[in-house]
K.L.:
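Pasting a structure below so you can have a look.
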Amino acid sequence: MKPGFFSDISETSGKISFYSLLLFLLAFPLSVSASQVLAGLSIFCFIFSPKENFQNAKTYLFPWAFILGAYALVFISSLAHWEEYSNFWKTFTRQSEAGDFWLSILFPIAAVHSSEEKNRRLIYKYLWISFLLILITGIASVFSEYRLGKFISNGFTPAPGDRRQHPAGPLFGLETYLPIGLMNTHLTYGGLISFYIPGLALLLLRKIKEKDLKRIIGFGVLLLFALWVFLLNQSKSAWLGVLAVTVYFILSKWKDFYGKLPRITIARVSIVILLLIGLGGTVRFFYQKNWLLQRTLAQLTEIQTPENQRYWIYKLSLPLLAKNPILGTGGGRFKEASSEVSKTFIQKNEQLWYELYITPNKHAHNDILEFAIVGGWFSGILWIGFFYLLFRKIASSALEDGNFPLVGVGFIWVAGFFQCYLLDDEVALPFFALAGILWGREKETSSKFSKASTIFLILTFLLNTSFWIWRLSIPAELAYGRQVFASSSFLAKKIERRILPFRNQTEERKKRISETISVPASEGNSEFSVEGCLTHRYPNPAKLREENYSFGIYISPEWKNPPTQTSVTVFSEESFDEDKLYWSHRKFDLGIREMGLKPGWNSFVWKETLGLSKITIFPDIVFFRSFKIRFGGSNPENAMDLPVLDLGDLCDFRLE
């Protein structure tokens, strides 16, 4: 065959690789499978593209080597633990973190295509379309009870057993749900839109400087819709990531921004103040009207909540890192290894069984920590090295016309402290593609040491580490708290403070007993519920509990207005994993008892009334025995002194 024939094939292959990349930008907001096929096609065709592409690719092999090295160390670690796998290749190919290394191949390929001037205008257009697809599907999912991806694939018909959307509360009479787009989880969608929000905000700032009113209005409207969807998405990790990378970019470009800022006048300052007041009023309105947003912000100051279980995840993760700091535990073994650690917690305090069971244990919910655990510390360090290069590239990127700012790819650094975005194919694949596009279109201005990137990485890393060192210094017995539901969050917080921790926390128990906590009579006389204990005992298979359920109520002789009577309703509620078995807690009352309260300890004892399976596999046919309590008999004209509740270690109150 003539040399020209092979030349034509290579040229065609190069074009197919490029257009596959463009179609990938359209596909990843819509379909995970389609995006992976197009990414694979782009990679495959690149192999047969002109040799000039391979020459250009050499420029981007250095940053890619950090990524590839991190994955390689996970593979080496897995080989070192070969004997500990029941089926090595099956586990490694299906569950191992190193199996995702192929996703990163798109990074140098996207960089090569983006480095060509003739390709950039098309890439710019497709980036805009990609963002609009993410935004439109996100808005549509806000008003859809069903998960749009499966709903559409099932022919616009809900399939039996399909998970519903997480409700977000009413908005102007319409029911809304956490925006998910066409993705499988709202966290994934939060990651995708995070790639674009910082860039859109920077485009708006640039148009404000240029006084381009038409573009200001257009970009402003898009940004408001994007921020609304982003806020409703509830991905707190993504919030922090977007905020961090935006602040980093503005500070790194401060001289450029400062030199182009409009002159300060009284009129402009007044307009800014009015806009801030209007924005603050809007945020306050939505905060007051949306219980989900109130709950989300409240959780930021709490140690343990049903939705945020990072405390327990890290408690199970860090012992793995301490045990295997050099080689790691091996790919795909995080769940198995962390389950062994959880057994030690449960054997010490059985009440933690359910709490640890519903704690997600597939990964560490921290990108750097995850790779450090499964591939050894050096694997995590390689990822830090890549992010250093990424932020150096972000700092040197220019805000030019026809150039959608892709600084948002850096959100993963801070967001990855709380979520394993690099293990999520739906986020990781576009991350590598967009990072490659950013790398290719921005010429390397300097390979010198970047002080700004180093300070940013060290500062954010230390802030996160310090925060968790403080959090994890709290003993597990004090971090755990029984769920309390009351007529108001104020009352719930007070009651939580009146529940004594496990018996081995003697000092904290004495402290809470000695405290006097009063609540308004209207609050104190209202009914509240307290999480009880399971009907079956650890381990698994679980045996039916034989001991009675009991708790103590303490009334101090020194209190001025304590209750003198109480009504206790024992009720049954199902135990389930909220993330996997998505149905509501079905509850029904088992019995009610009224009793008088005297100064000192008062004991409530309840014996099981239903015939339950003597042996079962947890959590099947396992229930909670919980308590609805109402105090009474206090002087209604004065605040009521709230009694102390002691459920012992396992609803087994006893006087010591």
Side-chain angles (χ1 to χ4, degrees), residues 166-170 234 288 290-309 311-312 351-355 357-359 478-501 512 517-535 549-553 563 566-579 581-594 604 606 619 622-632 640 642-648 650-651 653:
H166 294 291
Q234 299 290 295
Q288 291 175 336
N290 194 293
W291 65 269
L292 187 66
L293 185 58
Q294 294 174 13
R295 184 190 67 179
T296 299
L297 296 178
Q299 287 172 5
L300 297 178
T301 59
E302 295 180 9
I303 296 243
Q304 186 242 355
T305 67
E307 291 78 15
N308 186 359
Q309 298 165 312
Y311 173 91
W312 302 107
Q351 182 66 25
L352 297 179
W353 185 19
Y354 178 76
E355 189 67 37
Y357 175 81
I358 65 171
T359 296
L478 294 180
Y480 170 75
R482 296 178 185 273
Q483 290 191 46
V484 174
F485 297 94
S487 58
S488 69
S489 58
F490 167 80
L491 179 60
K493 293 295 181 187
K494 297 294 185 181
I495 294 169
E496 287 173 3
R497 185 64 191 171
R498 301 312 275 154
I499 299 176
L500 299 185
R512 296 192 188 186
I517 296 180
S518 300
V519 295
S522 58
E523 295 268 13
N525 293 326
S526 63
E527 184 178 79
F528 62 90
S529 64
V530 178
E531 176 190 321
C533 298
L534 296 174
T535 55
Y549 301 84
S550 61
F551 65 87
I553 303 173
T566 185
S567 172
V568 180
T569 301
V570 180
F571 66 96
S572 175
E573 57 181 334
E574 292 178 336
S575 61
F576 71 110
D577 183 343
E578 188 173 2
D579 285 335
L581 310 178
Y582 191 73
W583 61 73
S584 298
H585 256 172
R586 286 177 285 188
K587 305 176 183 180
F588 55 91
D589 294 347
L590 296 174
I592 185 170
R593 176 182 166 190
E594 295 184 355
F604 173 86
W606 185 81
V622 175
F623 303 88
F624 269 103
R625 295 295 179 250
S626 299
F627 312 99
K628 288 185 285 190
I629 303 171
R630 184 190 298 273
F631 293 120
M640 187 191 81
L642 202 58
V644 174
L645 298 175
D646 183 11
L647 283 82
L650 199 67
C651 298
F653 168 73

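Please read all numbers here as calculations on a predicted model, not as lab measurements. In this chain, numbering begins with 1 at the start of the sequence shown.
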K.L.:
If you take all heavy atoms of Glu523 and Ser526, which pair is closest and at what distance?
P.N.:
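Nearest heavy atoms, Glu523 then Ser526: O-OG, 2.6 Å.
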K.L.:
Quick one: pull up CD1 in Ile553 and CD1 in Ile629 and give me the separation to the nearest 0.5 Å.
P.N.:
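Those atoms lie 6.0 Å apart.
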K.L.:
Does a donor on one side chain sit under 3.5 Å from an acceptor on the other, for Gln351 and Tyr480?
P.N.:
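Distance-only check passes for Gln351 and Tyr480.
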K.L.:
Distance check, rounded to the nearest 0.5 Å: Ile517 atom CD1 versus Arg498 atom CZ?
P.N.:
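Here the interatomic distance stands at 4.5 Å.
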K.L.:
Does the Asp589 side chain pair with the main chain of Gly591, one donor and one acceptor, at a distance under 3.5 Å?
P.N.:
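Not at all, since once roles are kept as given, no pair shorter than 3.5 Å links the two residues.
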K.L.:
Could you check whether the rings of Phe631 and Phe528 sit parallel, tilted or perpendicular, using 30° and 60° as the cut-offs?
P.N.:
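Judged by the thresholds at 30° and 60°, the geometry between Phe631 and Phe528 is tilted.
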K.L.:
Compare every heavy atom of Gly532 with every heavy atom of Arg482, then report the nearest pair and how far apart it is.
P.N.:
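That would be NH1-O, 3.0 Å.
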K.L.:
For Arg512 and Glu496, work out which heavy atoms get closest and say how close.
P.N.:
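So the two residues come closest at NH1-O, 3.7 Å.
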K.L.:
Test side chain to side chain contact (heavy atoms under 4.5 Å, CB included) on Val568 and Phe551 and set out the steps.
P.N.:
CA-CA 11 Å; Val568 180; Phe551 65 87; 4.0 Å; yes
K.L.:
Nearest 0.5 Å, please: how far is NZ in Lys628 from OG in Ser529?
P.N.:
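Going from the OG atom of Ser529 to the NZ atom of Lys628 covers 8.0 Å.
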K.L.:
Apply side chain to side chain contact (heavy atoms under 4.5 Å, CB included) to the pair Glu573 and Phe623, showing each step before the final yes or no.
P.N.:
CA-CA 6 Å; Glu573 57 181 334; Phe623 303 88; over 6 Å; no
K.L.:
Nearest 0.5 angstrom please: Trp353 CH2 to Cys533 SG, how far?
P.N.:
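Answer rounded to 0.5 Å: 12.5 Å.
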K.L.:
Leu590 versus Trp606: any side-chain heavy-atom pair under 4.5 Å?
P.N.:
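The answer is yes, as the side chains (C-beta and beyond) meet within the 4.5 Å cut-off.
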K.L.:
Let me see the working for Ser572 and Arg625 under side-chain hydrogen bond (donor to acceptor under 3.5 Å, both in side chains), right down to the final yes or no.
P.N.:
CA-CA 5 Å; Ser572 175; Arg625 295 295 179 250; 2.7 Å; yes
K.L.:
Over all heavy atoms of both residues, which pair between Asn525 and Gly632 is shortest? Give the atoms and the distance, please.
P.N.:
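Closest heavy-atom pair between Asn525 and Gly632: OD1-CA, 3.9 Å.
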K.L.:
Give, for atom OG of Ser626 and atom NZ of Lys587, the distance between the pair rounded to the nearest 0.5 Å.
P.N.:
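Interatomic distance, Ser626 OG to Lys587 NZ, rounded to 0.5 Å: 8.0 Å.
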K.L.:
Closest heavy-atom contact between Gly552 and Phe653?
P.N.:
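Distance-wise, the nearest heavy atoms are N-CG, 3.4 Å.
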K.L.:
Given side chain to side chain contact (heavy atoms under 4.5 Å, CB included), test Trp312 with Ile358 step by step and report yes or no.
P.N.:
CA-CA 10 Å; Trp312 302 107; Ile358 65 171; over 6 Å; no
K.L.:
To check you understand the geometry: which heavy-atom pair defines the closest contact between Tyr549 and Thr535, and what is its length?
P.N.:
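It is OH-CA, 3.2 Å.
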K.L.:
Measure the acute angle between the ring planes of Phe624 and Tyr354, then classify it against the limits of 30° and 60° as parallel, tilted or perpendicular.
P.N.:
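Phe624 vs Tyr354 ring planes: perpendicular.
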K.L.:
From Arg630 CZ over to Glu594 CD, what is the distance, rounded to the nearest 0.5 angstrom?
P.N.:
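If we round to the nearest 0.5 Å, Arg630:CZ and Glu594:CD are 10.5 Å apart.
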